[in-house]
Every structure is written in structure tokens, then in C-alpha cells.
Amino acid sequence: MTDTLHTSSNIAAQGPLCTIAQPSEYTLAEMSDAQIRAIVGELLQANKELKVLNTKLSDAQNKLMQSEKLASIGQLAAGVAHEINNPIGFIFSNFGTLEQYLQDLFEMLAAYEEAETGLQDGAARQRLQQLRQDLDVDYLKDDIPNLMRESRDGIQRVRKIVQDLKDFSRVDARQEWESVNLHHGIDSTLNIVNNEIKYKADVVKDYGDLPEVQCLPSEMNQVFMNLLVNAAHAITAERGTITIRTGTEGTNVWIEVTDNGQGIAPENLPRIFDPFFTTKPVGKGTGLGLSLSYGIVQKHQGRMEVRSELGQGTTFHVTIPVHPSATAQTAP
């Protein structure tokens, strides 16, 4: 009891006891104008931050939706390519048969021409000669093989495009690690994105000697596509140049894609592989291409680097091992 009194005495000596209410316990009428202004300011700032965050989330949602649409379009295109391959196959087969039939007809026509001079009936011979002249048979004999040759070239080109689409998307194969020629993957991808490049740039290939590389072919093709399309979009002059170089470095291979476009500002280089970051105008890019490519290269135990100078151009340098470790090949 003494201790209690002693403590109370000490408290009393320090001054009267009072209870300080928390700001949240005040009513609006009890607050000063300064307090009200401070709280309103905080609320306005919080509201502003929420609006900014909401805008960012909305942008991210739109980009994800666009990415999903692009992925769906890619799957659809791959499916269409797969379906086109069947009719192209029998057209190609029938074309060969047609060429043989025409060859037989030309041989028969040549035999008729030889027999024509031996006809005893002068009127019949004259009618045949007139018909030959009206139909311009000699021209047809020269032009039909040319038409067949051009048509065969056209069909072969369609067939090549379809095959490149299939190689690019690997619609007829499982997603497995394979030993592949990366040059074939680059060439197939160039054929797929040709429409993005041909009006803007000339492509220069400086290929070194590469061994076959153990990789996921469709994913590496995706990396090549993103780098090539980005290079084409970076060219703002009337016409530019995209240079593709390859080579080896110890147990690794490297691929470089260089453009002589507008370049990347130094302040943007540290963020260039960030998801959703893009320097393209709104609606022109999702900001996911380089980020996804960076992830694919890392998945292959490689690295992706960038060098750029404003007004001079940009180089993306990809390095991956020829034989990734078993850890990489079993990773999801």
C-alpha cells in the first residue's frame, strides 16, 4: 500500500493526469481548420495515388488481353498452316501428273504434225493448217511449259511458307528439347516476318559456323521473331539495314541482331527487359516481347545483352550454351 501511495504521489507531483484523444476520436466540429485541411490533403493524395495505380492496372490488363489475343492469333495461324498443308500436298502431286499428261499430249501433237504433210485431202490439210495458225499452236507449245514452271514455283513458295509456319510454331511436334540448326530457325522466322521487314529494311546475314544446339526450337524462334520485328520497328528512315551475325564462344553460341534505327535512350536501357515497358506509341506494342525473350534465354541458361546509341542503332546479343545442363531441360 505504501508503494502504491508513493507512486501516486510521484505522479501527482508531476502534474495533473489528463487523457489525450486520438485524432480519429475527434468529431469534425472539434477539429481545427489546420487539422481538417491536413486530413483532406491526405485523402486527396491517397485518392490521386489510387487513380494512378488503377490506371496502371488497367493498362496492364489491356496489355495482357492484347497478348492473349496475339497468342490466340498465333495458334490460329499455326492451325491454318497445318490444314493448308494437306491440300497443298495433293495439288503438288496432281501438278506433277498434269505435267506428265501435257508431255504426252505434246508428243501426240508432234506426231499429228508429221502426219499432216502426208494428208491426201488438200482441203483437210488446209483446215488443219488454218486451225494451227488461229490457235497459235507453236506459241502454246512454248508458253504452256513456262506457265507450268511458274505455277510450280508458286506452289513451292506456298509450301515453303506453310512449312516455315509449322517449324516456327512446332504445331506438329511436342515441346521438347532438340538438337537443331539455329540458322534454319532464323531463316524460317525471317520468312514468317518478311512482311514486317521487306518494306523497311534490307537484311544482311553474316553467319558463322554453328554446331547444332540443344534447345526448345519454337521458343528460340520466338526470341528471333521479337528481335527482328523490334529491329524493323526501330528503323524510322526511308530504308534501313538489319544485320544478323552468329558465332561461337567456347562452349556457347551467340546471335546478334543489329539495326541502324533510332536507338534507345540511355535512361531506358536499364528497363528495356522489364515486363510491360515499351518505347512504342500506345497500341503499337505490349511491352512483353523483350521481357518474354529475356526469360526464354535465361531458361536456356543463356544471357541477353543490349548496346544502343541514339541515332545510330541497337544491337541485341544473345548467348546460349550448346548443351544446357540437365537442370535447364527438366525445368517447367
Among all residues two or more places apart in sequence or in another chain, which pass the salt bridge (charged side-chain N to carboxylate O under 4.0 Å, His left out) test with E196? none
List the atom of T314, the atom of G263, and the distance in Å for their closest heavy-atom pair. OG1-CA, 3.6 Å
Taking every heavy atom of P324 against every heavy atom of Q301, the minimum-distance pair comes out as CA-OE1, 3.5 Å
Without hydrogens or angle criteria, can the side chains of Q103 and E99 be said to hold a donor-acceptor pair below 3.5 Å? no
Scan residues 31-52 for pairs that pass ring-ring contact (aromatic ring centres under 6.0 Å, His included), counting only residues two or more places apart or in two chains. none
State plainly whether one hydrophobic cluster holds both L102 and V137, where clusters connect Ile, Leu, Val, Met, Phe, Trp and Tyr through side-chain heavy atoms under 4.5 angstrom apart. no
List the residues meeting side-chain contact (heavy atoms from CB on, under 4.5 Å) with Q156, not counting sequence neighbours, and say none if there are none. F92, R152, D153
Please report the interatomic distance OG(S308) to CD(Q262), rounded to the nearest 0.5 Å. 9.0 Å
I need the minimum non-hydrogen distance between S293 and Q222, along with the two atoms involved. OG-O, 4.4 Å
Minimum heavy-atom distance between A231 and V257, given as atom pair plus value: CB-CG1, 4.2 Å
In chain order, what residues pass the side-chain contact (heavy atoms from CB on, under 4.5 Å) check against L53, with sequence neighbours excluded? L57
Do the side chains of L190 and K205 get nearer than 4.5 Å, heavy atoms only? yes
Do L44 and I39 share a hydrophobic cluster, counting only Ile, Leu, Val, Met, Phe, Trp and Tyr and linking them when any side-chain heavy atoms are less than 4.5 Å apart? yes
According to the ring-ring contact (aromatic ring centres under 6.0 Å, His included) rule, which pairs have a member within residues 38-57, sequence neighbours left out? none
Residues pairing under salt bridge (charged side-chain N to carboxylate O under 4.0 Å, His left out) where one sits in residues 222-242, two or more places apart or in two chains, turn out to be D202-R239
Between CE on residue M225 and CG on residue N230, distance to nearest 0.5 Å: 9.5 Å
For the CD1 atom of I320 and the CD1 atom of I296, what is their distance to the nearest 0.5 Å? 11.0 Å
Does the side-chain contact (heavy atoms from CB on, under 4.5 Å) test come out yes or no for Q130 and Q133, once each step is laid out? CA-CA 5 Å; Q130 184 62 44; Q133 185 176 351; 4.2 Å; yes
When you look at CD of E305, are more than 12 heavy atoms from neighbouring residues, nucleotides or ligands closer to it than 6.0 Å? yes
Got a second to check how far L182's CG is from D187's CG, nearest 0.5 Å? 11.0 Å
CG (L228) and CG (N221) are apart, to the nearest 0.5 Å, by 10.5 Å
What's the separation between atom CE in M304 and atom CG in N226, rounded to the nearest 0.5 Å? 8.0 Å
ring-ring contact (aromatic ring centres under 6.0 Å, His included) pairs, two or more places apart, involving residues 242-262: W254-H317
Just wondering, do V306 and F273 contact through their side chains at under 4.5 Å, heavy atoms? yes
Proximity of H323 and W177 rings by center, below 6.0 Å: no
Filter on salt bridge (charged side-chain N to carboxylate O under 4.0 Å, His left out), then keep only pairs touching residues 135-150, sequence neighbours left out; what's left? E113-K141
Minimum heavy-atom distance between N181 and E212, given as atom pair plus value: N-CG, 4.4 Å
Could you pull out the closest heavy-atom pair between S151 and F95, with the gap in Å? CB-CZ, 3.4 Å
Could you go through K51 and N47, starting from their C-alpha distance and side-chain angles, then the distance that decides it, and tell me whether this counts as side-chain contact (heavy atoms from CB on, under 4.5 Å)? CA-CA 6 Å; K51 285 182 178 180; N47 187 55; 3.5 Å; yes
Honestly curious: do V322 and Y207 fall in one hydrophobic cluster under the side-chain, below-4.5 Å linking rule? yes
Looking at Y112, I'd like to know if its OH atom is crowded, meaning that more than 12 non-hydrogen atoms belonging to other residues, nucleotides or ligands lie closer than 6.0 Å. no
Does atom CG of D209 have more than 12 heavy-atom neighbours from other groups under 6.0 Å away? no
Could you walk me through whether K299 and L216 satisfy the side-chain contact (heavy atoms from CB on, under 4.5 Å) test, starting with their C-alpha distance in whole Å, then the side-chain angles of each, then the deciding distance to 0.1 Å, before giving a yes or no? CA-CA 10 Å; K299 182 177 181 180; L216 294 169; 3.7 Å; yes
H184: which residues meet the ring pair (Phe, Tyr, Trp, His ring centres under 6.0 Å) condition with it, sequence neighbours left out? none
Contacts table for residues 242-252: side-chain donor-acceptor under 3.5 angstrom, sequence neighbours left out:
from, atom 1, to, atom 2, distance (Å)
T246, OG1, H183, NE2, 2.9
T246, OG1, G208, N, 2.9

Can you find a heavy atom in the side chain of L310 that is under 4.5 Å from one in the side chain of P266? yes
Among the clusters formed by ILVMFWY side chains lying less than 4.5 Å apart, do V204 and I197 turn up in the same one? no
For E42, check side chain to side chain donor-acceptor pair (under 3.5 Å) against everything at least two apart and list the hits. none
Applying side-chain contact (heavy atoms from CB on, under 4.5 Å), can you list everything that pairs with A110, at least two apart in sequence or on another chain? none
Using side-chain heavy atoms (C-beta onward) and a distance below 4.5 Å, is V318 in contact with L227? yes
Indicate, with yes or no, if M148 and L140 share a hydrophobic cluster defined by side-chain heavy-atom contacts under 4.5 Å among Ile, Leu, Val, Met, Phe, Trp and Tyr. yes
